[in-house]
Amino acid sequence: MSSVATDRTDRPGAEGPDAVAETAGTQEAVARRRRSRRLRLVTIVVFGALMCLGPVLFTTDYSASVLDELLLYAVAGIGFFLILGLSGQFAFSQAAVFGIGAYASAWAGHYTGFWLSVLFAVFVACVVTALVGLLLRRTNELYFAIATLGVSQVCVIVFRQWTGFTAPGGEVALVNVPHVFGFVVNTPERYYWMCLVALTVALALATLIVISPLGRDTTAVRDRPAAAAGLGISVVRNRVTVYVLGSAFAALAGAFYAHMEGFISPDSFSLNLGIDLFLVVILGGLYSVWGAVLGAAFVVGVPEIARGAAEHRDLIFSVVLVVAIIAFPDGLIGAGNRLLSLAGSLTRRGGSHGA
Amino acid sequence: MALEIDDVNVSFGSVRAVAGVTLKLEAGERLGLVGPNGSGKSTLVNAISGIVKGGGRIALDGSEVRAGSALSAARCGISRTYQSPQTFADVSCLDNVMLGLDRDRTNGLFAAWFLRRATDRRERRRVSEALALLDQVGLADAAESPASMLTFGQQQMLGLARALAAKPSVLLLDEPVAGLNTEESKAMAKVLAAVNEQGVSLLLIEHRMDFVASLCPRVAVLAAGSLIADGPHEQVFADPQVIDAYLGSVSHA
């Protein structure tokens, strides 16, 4: 029994029957992977197209701004999905990084236009999280969570105390208005399109990560770090890469959010936002980029729906949250998948009866 | 050209699990490592593969393995299987094996977004190599099923294919046929012999003496963390000291 692992011939006719079967298997497997990738990307495009119906839901500036917030939560949530879901790192710093994105773009906005300030904000967040990730490379799980929580608190204190370009208390108004292809983006309705593009691109980039060799390595490092290292995967490098990458999504969302609101204060990036983002990912489902989208819809949407109940709003949200967590232990996306497979098996059964 | 284990010792608190073991494994050699439970066999293999940190020197073909670094061991060409297979349960068998295959800059972030064509080409070659390895261990049909669907014996085979993917010069096997039935053990022996035929050295921990004897001309015996015998298996299995420390119950059985 000799291996055919290295027996690769590119010239047709040069290989034996075994080698032919070999390449057929390879072609099939590669084609399957390609189909799966195409399906994922097409789903994202279809989602983006469907979301173009968003403006139908706008009746007021307010409803548009809620939808914008939902989309930005989803962008930050996708980044958090990469860190917590794909990579299994309990980072508590996502809200602070969102804030870094907001403040860095606010600062840069004094010297440059909107797009450069967003780029700068993402860059700053990457540098900060790379340093944090490298410093904390020996911490695991809960210790990483506690350490990143500490980093978040430090960030909030810096936002509040460092009054280099902000008013005392860390409040600052943003001066820039984005221009896109000659359009001035100055209303929540117009921001919607920018946020939608950001979300669609974020979904595509995250999906490509998940199905790339990097995503494969990341899953391996998450599930069995020692075995992964034994295969030659650098655990530290992989974790830091994904931590920085996921944080970049949050910083982008933060920079957009700051400009959309036109005004930021440190309280916007406190633990409340951190818990919201945790909910987005955990409630949505930890094993798919789509979980973040569903989670954001829940976390932003349910309180808005309950708004009519005035002072009972928080209570209603909390009750719905508890019920949702009990009812969907693997997240909304898990419930959706179960529903889909149930529907699939029902139609199949129906089909076989008909035949 | 060999694996050199020089005065390796590992302590857990006050317990010396491995107490100064010196061994040399020539290129292409097959060495069986036996001993009673708790004699330090697995700990020694863990130290060689960098899973636990120990003292002493471990080097492969002259390049030294950094103590306690599984990554360093892997890069030096040491690969291993585990007593519990340690396969990645949620991904397909194909992906499990592909995880072991050559890693380079096409595994990074840049490759995921920008080097699509180069990455695709390399992935294609990885798929082909991984399928060949799965075929070699008899799992060609399971390529697309998640590893969690396999039986224990199949998972052990998958672990072997994954370890081989790294193209190691030394393969450490921690009880590869424990829990396998006769059929599966035979298949495992056949694959291991073929792997060795291709020049890979084997270091085998096993309690089944017939399996060790059939595969390994040379056997080393550990007892209480120290090497008490090392030589041709006929000679070692006849050594009174070895019989006393380990084989006694077997020969009376």
Side-chain angles (χ1 to χ4, degrees), chain A residues 1-8 18-19 21-34 36-37 82 201 204-238 240-242 244-245 248 287, chain B residues 49-51 69-75 78-80 82 86-91 94-96 98-103 106-109 111-113 116 119-120 122-133 135-136 140 143-144 159 162-167 190-191 193-195 197-198:
Chain A
M1 186 169 184
S2 80
S3 166
V4 284
T6 52
D7 189 5
R8 225 167 47 86
D18 268 344
E22 189 68 30
T23 42
T26 304
Q27 275 165 3
E28 199 183 308
V30 169
R32 199 176 298 122
R33 274 152 195 261
R34 246 190 222 147
S36 147
R37 177 165 73 194
L82 292 172
V201 170
L205 290 180
T207 299
L208 286 176
I209 290 288
V210 170
I211 59 179
S212 76
L214 175 65
R216 189 168 58 216
D217 286 2
T218 308
T219 317
V221 168
R222 176 194 67 196
D223 289 348
R224 296 189 186 279
L231 295 172
I233 302 171
S234 170
V235 172
V236 170
R237 196 171 133 191
N238 179 274
V240 174
T241 303
V242 181
V244 171
L245 177 71
Y287 56 91
Chain B
S49 57
I51 305 281
S69 167
L71 186 61
S72 163
R75 285 181 178 161
I78 297 170
S79 207
R80 68 166 297 174
Y82 302 81
Q86 304 280 320
T87 47
F88 302 107
D90 294 336
V91 298
L94 187 59
D95 279 313
N96 261 280
M98 286 170 78
L99 273 162
L101 285 166
D102 68 324
R103 40 197 60 265
T106 61
N107 270 23
L109 178 59
W113 292 340
R116 281 276 299 283
T119 309
D120 278 357
R122 214 167 290 244
E123 280 288 277
R124 193 183 187 96
R125 211 194 54 222
R126 288 189 186 125
V127 167
S128 146
E129 283 182 34
L131 283 174
L133 282 164
D135 189 48
Q136 191 179 356
E144 297 290 343
R162 186 181 71 181
L164 290 175
K167 301 188 182 62
K190 208 170 149 192
V191 176
V195 166
E197 198 87 336
Q198 290 161 28

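The nearest pair of heavy atoms linking B/A74 to A/G232 is CB-N, 3.5 Å. Closest approach of B/D90 and A/D223 over heavy atoms only: OD2-OD2, 4.2 Å. Nearest heavy atom pair, residue B/L131 against residue A/A29, reads CD1-CB, 4.4 Å. Across B/A70 and A/G230, no two heavy atoms sit closer than the pair CB-N, 3.9 Å. Smallest separation of non-hydrogen atoms from A/A227 and B/Q86: CB-O, 4.2 Å. Contact between A/A220 and B/F88 at its shortest, heavy atoms only, is O-CE2, 3.4 Å.
In terms of heavy-atom pairs under 4.5 angstrom with chain A, the leader among B/L164, B/I78, B/D120 is B/D120. When the candidates A/I211, A/N238, A/L245, A/V235 are compared by the number of heavy-atom contacts under 4.5 Å with chain B, A/L245 comes out ahead.
Here A/R216 pairs with A/R33, A/P213, B/D95, B/M98, B/L99, B/E123, B/R126 under the side chain to side chain contact (heavy atoms under 4.5 Å, CB included) rule; sequence neighbours left out. Checked against salt bridge (charged side-chain N to carboxylate O under 4.0 Å, His left out), B/R124 has no partners two or more places apart in sequence or in another chain.
Of the atoms belonging to B/T87, it is backbone heavy atoms, and not side-chain ones, that fall under 4.5 Å from chain A.
In this structure, B/E197 places its CD atom where only 12 or fewer heavy-atom neighbours from other residues, nucleotides or ligands lie under 6.0 Å away.
From A/S212, atom OG reaches atom CZ of B/R116 across 11.0 Å, with rounding to the nearest 0.5 Å.
Within the 4.5 Å cutoff, no side-chain heavy atoms of A/Q27 are placed close to those of B/S128.
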Note to self: Checking A/I233 against B/L71 for the side chain to side chain contact (heavy atoms under 4.5 Å, CB included) test, could you report, in this order, the C-alpha distance in whole Å, the side-chain angles of both residues, the deciding distance, and whether it holds?
What the structure shows: CA-CA 7 Å; A/I233 302 171; B/L71 186 61; 5.7 Å; no
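Formation of a donor-acceptor pair under 3.5 Å by the B/W113 side chain with backbone atoms of A/L205 is found in this model.
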